[in-house]
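The model shown is predicted, which means the values in this text are computed figures rather than measured ones.
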Amino acid sequence: MEKIRVSKLMSEQGICSRREADSYIERGWVLVDGVPVTELGTRIFPNQRITLAKDAQSRQAASVTVLLNKPIGFVSGQAEQGYRPAITLITSQSHFKGDSSLLRFNPTHLKGLAPAGRLDIDSTGLLILTQDGRIAKQLIGESSGIDKEYLVRVEGRLTDDGLAKLNFGLSLDGAALKRAEVKWQNKDQLRFVLREGKKRQIRRMCDLVGLKVTGLKRVRIGKVTLGDLPQGNWRYLRSDEHF
């Protein structure tokens with residue numbers, strides 16, 4: 001049996017992200033079979049038991065996850081081409097007044113807060129930012145099967161077999177797309193449910209069947225919905241909400 005880095009195993013087991021694992025290891029907060037590991041790069045057997053010290057557990061419990069209704073013109077991650085990153089919208093002034101999480105905004109909640117997934121600059125709707133590596137892995141990890149729902153306004157003439165192809169049968173970047181769920185919401189709007197997230201996927205899918213996207217809004221990720229969160233506002237993920 002081959003040994004594997006502790007941080008890699010921790011990520012694979014959903015304990016935390018690799019970056020968090022390295023931070024915990026440096027602090028002596030990671031135990032393997034009950035013995036603290038303090039050296040980065042330590043390798044162990046996959047069947048060895050990894051646990052976290054109480055300090056690490058407390059830090060994870062204090063991590064926050066934010067739901068933002070992103071407007072057009074903001075990028076999900078780092079600033080680019082003069083456009084502001086979405087995290088700049090996370091302020092006390094834009095905190096949704098209807099937030100029922102009972103948490104109050106604290107500047108420490110911005111430290112390490114990063115988008116778990118992306119939403120194009122010209123798209124709106126639900127964007128998740130989190131300090132919790134477990135949630136990030138759940139949403140964007142290679143094994144993530146969480147679906148995402150979008151309302152997509154379109155114009156143009158759909159090809160005869162276009163709707164069927166949107167559901168299954170299209171390829172992007174030389175690879176077949178996973179099966180989607182696509183249906184008409186009304187005469188000029190489609191509802192998409194996807195289980196993958198290639199760059200500008202919906203817009204490119206629509207191009208392939210004769211449609212042009214004129215508006216795109218993400219309304220759900222897993223079991224968490226955008227709901228009545230106003231555009232440009234954000235709220236905390238409640239303890240009873242799970243993706």
**Student:** Taking the side chain as C-beta and beyond, is there a heavy-atom pair between Lys137 and Ser11 under 4.5 Å?
**Tutor:**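 Lys137 vs Ser11: side chains touch.
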**Student:** Pair Lys8, Arg18 - check side chain to side chain contact (heavy atoms under 4.5 Å, CB included), show working.
**Tutor:** CA-CA 6 Å; Lys8 184 174 188 293; Arg18 287 197 193 189; 3.2 Å; yes
**Student:** If Ile, Leu, Val, Met, Phe, Trp and Tyr residues are connected whenever their side-chain heavy atoms lie under 4.5 Å apart, and connections chain through other members, are Ile128 and Leu110 in the same group?
**Tutor:** no
**Student:** With a 4.5 Å heavy-atom cut-off, do Leu170 and Leu208 have their side chains touching?
**Tutor:**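 Heavy-atom side-chain distance check passes, below 4.5 Å.
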**Student:** Whether the side chain of Thr42 engages the backbone of Glu39 through a donor-acceptor N/O pair (distance < 3.5 Å, no angle test) should be reported.
**Tutor:**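 Yes, Thr42 side chain to Glu39 backbone: donor-acceptor pair under 3.5 Å.
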**Student:** Hey, is CZ on Arg195 packed in by over 12 heavy atoms from elsewhere, all under 6.0 Å?
**Tutor:**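 Enclosed.
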**Student:** Could you measure the distance from the NZ atom of Lys165 to the CG atom of Leu158? Nearest 0.5 Å is fine.
**Tutor:** 10.5 Å
**Student:** Can a donor-acceptor pair be found, under 3.5 Å and without considering hydrogens, that links the side chain of Gln138 to the backbone of Ile135?
**Tutor:**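 Not confirmed, Gln138 side chain does not pair with Ile135 backbone.
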**Student:** With a 4.5 Å cut-off on side-chain heavy-atom distances among I, L, V, M, F, W and Y, is there a chain of contacts connecting Leu163 to Val193?
**Tutor:**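 No, Leu163 does not connect to Val193 through the hydrophobic network.
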**Student:** Do the side chain of Lys70 and the main chain of Ala86 share a donor and acceptor less than 3.5 angstrom apart?
**Tutor:**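 A pair under 3.5 Å: no.
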**Student:** Has the side chain of Asp147 got a donor or acceptor atom that lies under 3.5 Å from a matching backbone atom of Leu194?
**Tutor:**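 Checking the backbone N and O of Leu194 against the side chain of Asp147, no donor-acceptor pair under 3.5 Å is found.
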**Student:** Which value, rounded to the nearest 0.5 Å, describes the distance between Thr124 atom OG1 and Ile72 atom CD1?
**Tutor:**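 So the OG1 of Thr124 and the CD1 of Ile72 are separated by 6.0 Å.
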**Student:** Can you tell whether the side chains of Glu149 and Lys217 come within less than 4.0 Å, N to carboxylate O?
**Tutor:**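 A salt bridge is absent here (no side-chain N lies under 4.0 Å from a carboxylate O).
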**Student:** Report yes or no: does Asp99 contribute a side-chain atom to a donor-acceptor pair with the main-chain N or O of Tyr236 at less than 3.5 Å?
**Tutor:**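 It does hold such a pair.
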**Student:** Looking only at non-hydrogen atoms, find the nearest pair between Met10 and Ala21 and report the distance.
**Tutor:**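 Smallest heavy-atom distance, with atoms named: SD-CB, 3.7 Å.
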**Student:** Taking atom NZ of Lys183 as the centre, does the number of heavy atoms from other residues, nucleotides or ligands within less than 6.0 Å exceed 12?
**Tutor:** no
**Student:** Could you walk me through whether Leu211 and Glu155 pass side chain to side chain contact (heavy atoms under 4.5 Å, CB included), step by step?
**Tutor:** CA-CA 6 Å; Leu211 296 176; Glu155 60 183 28; over 6 Å; no
**Student:** Do Asp55 and Arg27 come within less than 4.5 Å of each other through their side chains, counting heavy atoms only?
**Tutor:** no
**Student:** Rounded at 0.5 Å granularity, tell me how far CG in Leu68 sits from CG in Leu126.
**Tutor:**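 Taking CG in Leu68 and CG in Leu126, the distance rounds to 8.5 Å.
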**Student:** With side-chain hydrogen bond (donor to acceptor under 3.5 Å, both in side chains) as the test, would you mind laying out the steps for Arg203 and Ser123 before giving the verdict?
**Tutor:** CA-CA 10 Å; Arg203 296 174 192 277; Ser123 300; 2.9 Å; yes
**Student:** Looking at Tyr150, is Arg218 sitting on its ring face, NZ or CZ under 6.0 Å from the six-membered ring centre and within 45 degrees of the normal?
**Tutor:**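 Geometry flag: not set, cation outside 6.0 Å or 45°.
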**Student:** Write down the atom of Ala53, the atom of Leu31, and the distance for their closest heavy-atom approach.
**Tutor:**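 Closest approach of Ala53 to Leu31, heavy atoms only: N-CD1, 3.8 Å.
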**Student:** Mind listing the closest non-hydrogen atom pair of Ile87 and Leu113 along with its distance?
**Tutor:**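 Smallest heavy-atom distance, with atoms named: CD1-O, 3.5 Å.
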**Student:** Do Arg204 and Asp173 meet the salt-bridge criterion of a basic N to acidic O distance under 4.0 Å?
**Tutor:**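 Judged by the 4.0 Å cut-off on N to carboxylate O distance, Asp173 and Arg204 do form a salt bridge.
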**Student:** To the closest 0.5 Å, what do you measure between CD (Glu181) and CG (Leu166)?
**Tutor:** 13.0 Å
**Student:** Could you tell me which non-hydrogen atom of Pro71 sits nearest to which non-hydrogen atom of Gln231, and how far apart they are?
**Tutor:**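 What the structure gives for the nearest pair is CB-OE1, 3.6 Å.
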**Student:** Which pairs, with at least one residue in residues 110-121 and sequence neighbours excluded, count as a side chain to side chain donor-acceptor pair (under 3.5 Å)?
**Tutor:**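 Sorted result for residues 110-121: Arg118-Asp120.
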**Student:** Looking at Asp33 and Arg49, is any side-chain nitrogen of the basic one under 4.0 Å from a carboxylate oxygen of the acidic one?
**Tutor:** no
**Student:** Does the Thr91 side chain pair with the main chain of Ser94, one donor and one acceptor, at a distance under 3.5 Å?
**Tutor:** yes
**Student:** Would you check, one step at a time, whether the test side chain to side chain contact (heavy atoms under 4.5 Å, CB included) holds for Val66 with Ile90?
**Tutor:** CA-CA 9 Å; Val66 164; Ile90 311 302; 3.7 Å; yes
**Student:** Ignoring hydrogens and geometry, is there a side-chain-to-backbone donor-acceptor pair from Arg220 to Gly222 under 3.5 Å?
**Tutor:** yes
**Student:** For Asp240, look at atom CG and say whether over 12 heavy atoms of other residues, nucleotides or ligands are found less than 6.0 Å away.
**Tutor:** yes
**Student:** Quick check: do Phe74 and Leu119 have side-chain heavy atoms less than 4.5 Å from each other?
**Tutor:**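 Contact flag for Phe74/Leu119 side chains = no.
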**Student:** Once side chain to side chain donor-acceptor pair (under 3.5 Å) is applied, do any residues pair with Thr38, and if so which ones, sequence neighbours excluded?
**Tutor:** none
**Student:** Does the Gln131 side chain pair with the main chain of Val64, one donor and one acceptor, at a distance under 3.5 Å?
**Tutor:**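 The answer is yes, because a donor-acceptor pair under 3.5 Å joins these two groups.
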**Student:** Working note: Val154 + Thr214, criterion side chain to side chain contact (heavy atoms under 4.5 Å, CB included); need CA distance, chi angles, decisive distance, verdict.
**Tutor:** CA-CA 5 Å; Val154 295; Thr214 59; 5.8 Å; no
**Student:** Can you tell if the side chain of Ile146 reaches within under 4.5 Å of the side chain of Ile221, non-hydrogen atoms only?
**Tutor:** yes
**Student:** To the closest 0.5 Å, what do you measure between CZ (Phe192) and CE (Met205)?
**Tutor:** 5.0 Å
**Student:** State whether the side chain of Gln48 and the backbone N or O of Phe45 hold a donor-acceptor pair below 3.5 Å, judged by distance alone.
**Tutor:**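 Yes.
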**Student:** Salt-bridge test for Glu241 and Arg235: reply yes if a basic N is under 4.0 Å from a carboxylate O, no otherwise.
**Tutor:**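 A salt bridge is present here (some side-chain N lies under 4.0 Å from a carboxylate O).
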**Student:** Less than 4.5 Å apart, any side-chain heavy atom of Ser76 and any of Leu127?
**Tutor:**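 Ser76 vs Leu127: side chains touch.
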**Student:** Closest heavy-atom contact between Leu229 and Asn69?
**Tutor:** O-ND2, 2.8 Å
**Student:** State whether Asp122 and Arg200 are salt-bridged, where the test is any N-O pair (Lys NZ or Arg NE/NH1/NH2 against Asp/Glu carboxylate O) under 4.0 Å.
**Tutor:**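 Yes, Asp122 and Arg200 are salt-bridged.
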**Student:** Mind checking the CZ-CD spacing from Arg179 to Glu196? Nearest 0.5 Å is all I need.
**Tutor:**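 The CD atom of Glu196 is 12.0 Å from CZ of Arg179, to the nearest 0.5 Å.
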**Student:** With clusters defined by side-chain heavy atoms of hydrophobic residues (ILVMFWY) lying less than 4.5 Å apart, directly or transitively, does Ile15 cluster with Ile44?
**Tutor:** yes
**Student:** Could you tell me whether the side chain of Leu89 reaches within less than 4.5 Å of the side chain of Trp234, counting heavy atoms only?
**Tutor:** no
**Student:** Report yes or no: does Glu20 contribute a side-chain atom to a donor-acceptor pair with the main-chain N or O of Gly133 at less than 3.5 Å?
**Tutor:** yes
**Student:** Taking all heavy atoms of Ala136 and all of Ala116, pick out the closest pair and write down the distance.
**Tutor:**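 For Ala136 versus Ala116, the nearest heavy atoms are CA-CB, 4.1 Å.
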**Student:** Measuring only between side-chain heavy atoms, which start at C-beta, is Val6 closer than 4.5 Å to Ile25?
**Tutor:**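 Side chain of Val6 against side chain of Ile25, heavy atoms only: contact under 4.5 Å found.
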